[in-house]
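What follows is a short report on a single structure.
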Amino acid sequence: GYRVSLQGNFFGRNHTYITFPEYNPCKHIKLDPPLNIQSNVTASKCQIWWSVPWYLVEILQYELQYKEYSMSWEIALNKTPPSSLPQIEIEATELHSGIAYIARVRCKVSENEDSYHSQWSEWSQTTVFQRAGVPKLSEKILNTRTMQFLFIPLSFGILLYLFWNCKLSSRYVRQKASPALTFPRQLLSFSHSIICTRGILR
């Protein structure tokens, strides 16, 4: 350890004050904030990650703050990652759809670390993310009903068209077949007329 003293001249006299009789630099660390904070939003969650020096990854802990973009940091929500990995996830249920959010992170040496001790770093740069809009239940019901209302008359129209088309087809077939069917009758009628004429002439 080290001995830290403060020297000063007060009223023309030099004085020495012992500030830290036993000072250990490893117990008084302030780290630089994390770098390159980024985010990615999916339908189920928002993933946020950042980078720190590789030799510090296993001994650091983090605190994330996030809020709606237009709100003050004083009412921001805090979230602690479950491990020392430089990343965290926010469930989609914690975010309002269509609202922009902003997040930042800071770090310090883990409380479980005996060899070092530090205070929180300054806050990092920020990242902005937004949950995609999700249709409300009422909108889904409305869309379902609309499809039903469209499906019923469309189905009825198709059935009516098929029925009318079959009816026209059968009528056309009848008209085509009628001359062949009436021809024997005309022949019989003509033959009967000839027989009657012969009888009269006799």
Between atom [atom1] of [X] and atom [atom2] of [Y], what is the distance when rounded to the nearest 0.5 Å?
X: L31; Y: K108; atom1: CG; atom2: NZ; value: 10.5 Å
X: H28; Y: H117; atom1: NE2; atom2: NE2; value: 7.5 Å
X: Y116; Y: L56; atom1: OH; atom2: CG; value: 9.0 Å
X: R131; Y: T93; atom1: CZ; atom2: OG1; value: 7.5 Å
X: L95; Y: E68; atom1: CG; atom2: CD; value: 9.5 Å

By side chain to side chain contact (heavy atoms under 4.5 Å, CB included), V41 pairs with (sequence neighbours left out) C46, F129
In chain order, what residues pass the side chain to side chain contact (heavy atoms under 4.5 Å, CB included) check against N40, with sequence neighbours excluded?
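With sequence neighbours excluded, N40 shows a side chain to side chain contact (heavy atoms under 4.5 Å, CB included) to T42, Q47, W49, given in chain and number order.
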Looking only at heavy atoms, what is the nearest atom pair of S51 and N36, with distance?
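Minimum heavy-atom separation between S51 and N36: OG-ND2, 3.2 Å.
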Looking only at heavy atoms, what is the nearest atom pair of I37 and R104, with distance?
CD1-CA, 4.0 Å
Any donor-acceptor N/O pair, [X] side chain to [Y] backbone, under 3.5 Å:
X: S121; Y: C107; value: yes
X: Y101; Y: H96; value: yes
X: S118; Y: V109; value: yes
X: R106; Y: W120; value: no

Apply the hydrophobic cluster definition, ILVMFWY joined by side-chain contacts under 4.5 Å directly or through others, and give me every member besides W73.
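Direct or chained contacts put W73 with Y69, I102, V128.
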Honestly curious: do W123 and W50 fall in one hydrophobic cluster under the side-chain, below-4.5 Å linking rule?
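No, W123 does not connect to W50 through the hydrophobic network.
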Decide, yes or no, whether a salt bridge links E122 with K30 under the criterion of side-chain N to carboxylate O below 4.0 Å.
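Answer for the salt bridge query: yes.
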